[in-house]
J.: 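Input: one structure, supplied below.
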Number of protein chains: 2
Amino acid sequence: MTSATASGRAAEPEDTGRRLSSDERRAQIILAALTVFGARGYEGATTDEVARAAGVSQPYVVRLFGSKENLFLATIGFALDRLLGAFRAALAAPDEGGENPVGKRIGEAYVDLIEVRGLHQTLAHAYLLGSHPTIGVAARRGFAEVWRFFRDEMGLDADEARSFLAEGMLISTLIGLRIVDDYGSDPQITELFRACFPNKLPHVLEVLPRSEHRL
Amino acid sequence: MTSATASGRAAEPEDTGRRLSSDERRAQIILAALTVFGARGYEGATTDEVARAAGVSQPYVVRLFGSKENLFLATIGFALDRLLGAFRAALAAPDEGGENPVGKRIGEAYVDLIEVRGLHQTLAHAYLLGSHPTIGVAARRGFAEVWRFFRDEMGLDADEARSFLAEGMLISTLIGLRIVDDYGSDPQITELFRACFPNKLPHVLEVLPRSEHRL
DNA sequence: GTCTATACCGGGATAGAC
DNA sequence: GTCTATCCCGGTATAGAC
């Protein structure tokens, strides 16, 4: 609508003048899509906003992914890969003599993913679209993969896995709610926030406000 | 688009021919809105679909609520009232000699709200819209109210309240995911579902599939 | 590989009759 | 209290040039 540098920036990368390969562009656009879908949801997001956030034109986004729906599917696919990748890395990391057991490491890895803007929110949005003919299927498949990770790779029993998943869903919810915006202003909220991010509070407080989505 | 009885039905009430008061209509429309917003999200839902589900015309829905945004705000307000109402009733219910302690009663009350179609999903959608200027504010306020209920009325400590909330978020997620659609077909999913609805499984399995949202 | 121009449609909102 | 007709904007997708 206005100039290209107006507002939509999100994951806008260093603009080296060089022409990128379409794979590089895809990756770049997916990063941008994560922030936009995360903030607005699947239907609320526009391909134009994604395009501006990525620094390309709207038709090009459609051209590269075929459709908005495909872009969303690619985006949640990427998010799930990152998520499971982070979990596997945390699982493989050294224990440091009981100082940080697996559970704690995985939990922290989950929270650390807030650095990938929009990742948690986009996944949460996808999980709510179970009725959608294609997205619903992909979302269920992804969710089941996470469950499998907890049960088979991490070796939790069903109850432990459930609690883990539950804490994760709460964290995602709080991020999507942007409850961080009220942190400090309302004692209830402050307490709630503290209870949910017992460790890493300062880090979370530093990263989250940065992801401004009021574009 | 086609005839009124085509497909959009959801909470369509007994059609007594009589003219309703606008308050009755509002209530009726909110019920319908719950199912549509729940299935499609705020942006994905259309006022037309809500209208058809309620058996009225699209402009009338807008007329009664002023805007789609207002309709959504009214809808989540209603959902929160029902939620807290159900919690308070469960809190006040008799203990039956340790047979069903408060925690269990509240948990079951939460699950029972699946009978109000779309309630959990709509709230979950609202919670993800923290970036929205008006919806975000309302969602945070509602979430904080629930937290207050757990802490002040129910008397939980911060950690207990957090766990409670977490389990609730997981339940909402599973409902939105419509994981019930895969129950029985995939052993992983079956196990996950069982772990999350330890009691009341038959009831849940009976109610959820009914809420078909592929309209 | 990427853009501009544009077709096309769906959806929220308004006007106004009954 | 409720409808029909309609306006108009915004958003996806396509055509086609560079």
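Letters A, B, ... are given to chains in the order of the sequence lines, protein chains preceding strands, and every chain is numbered from 1.
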J.: Hey, does A45(A) reach any base, or is it just sugar-phosphate, or nothing, if we go heavy atoms under 4.0 Å?
T.: sugar-phosphate

J.: For dG11(C), does either OP1 or OP2 sit under 4.0 Å from a side-chain N or O belonging to T47(B)?
T.: no

J.: From L34(A) CG over to I29(A) CD1, what is the distance, rounded to the nearest 0.5 angstrom?
T.: 13.0 Å

J.: With sequence neighbours excluded, what pairs up with D112(A) under the side-chain hydrogen bond (donor to acceptor under 3.5 Å, both in side chains) test?
T.: K200(A)

J.: Whole-Å distance between dT6(C) C1' and D48(A) CG?
T.: 14 Å

J.: Using whole Å, what does the distance between atom C1' of nucleotide dT2(D) and atom CG of L20(B) come to?
T.: 11 Å

J.: Please state how far atom CZ in F72(B) lies from atom C1' in dG11(C), giving the value in whole angstrom units.
T.: 17 Å

J.: Expressed as a whole number of angstroms, how long is the span from E24(A):CD to dG1(C):P?
T.: 10 Å

J.: Going by the rule side-chain hydrogen bond (donor to acceptor under 3.5 Å, both in side chains), which residues pair with E69(A) if we only count those two or more places apart in sequence or in a different chain?
T.: T134(A)

J.: For R63(A) and for Q58(A), locate the closest nucleotide of DNA chain C by heavy-atom distance; then report the residue assigned to the nucleotide nearer the 5' terminus.
T.: R63(A)

J.: Have a look at S57(B) and say if it touches a base, only the backbone sugar-phosphate, or nothing, with a 4.0 Å heavy-atom cut-off.
T.: base

J.: Does the cation-pi check pass for R88(A) over F149(A), that is, NZ or CZ under 6.0 Å from the six-membered ring centre and within 45° of its axis?
T.: no

J.: Check the phosphate of dT2(C) against R25(A), side-chain N and O only, distance under 4.0 Å to OP1 or OP2. Yes or no?
T.: yes

J.: Among dC3(D), dA13(D), dT12(D), find the nucleotide with the atom closest to the side chain of P59(A).
T.: dA13(D)

J.: How about H203(B) and E115(B): does a side-chain donor come under 3.5 Å of a side-chain acceptor?
T.: yes

J.: Round to a whole Å and report the spacing from CZ of R52(B) to C1' of dT2(D).
T.: 18 Å

J.: Figure out the CD/C1' separation between E43(A) and dG10(C), and round it to whole Å.
T.: 11 Å

J.: Which whole-number value in Å describes the distance from E69(A) CD to dG11(D) P?
T.: 19 Å

J.: Please state how far atom OH in Y60(B) lies from atom C1' in dT14(C), giving the value in whole angstrom units.
T.: 16 Å

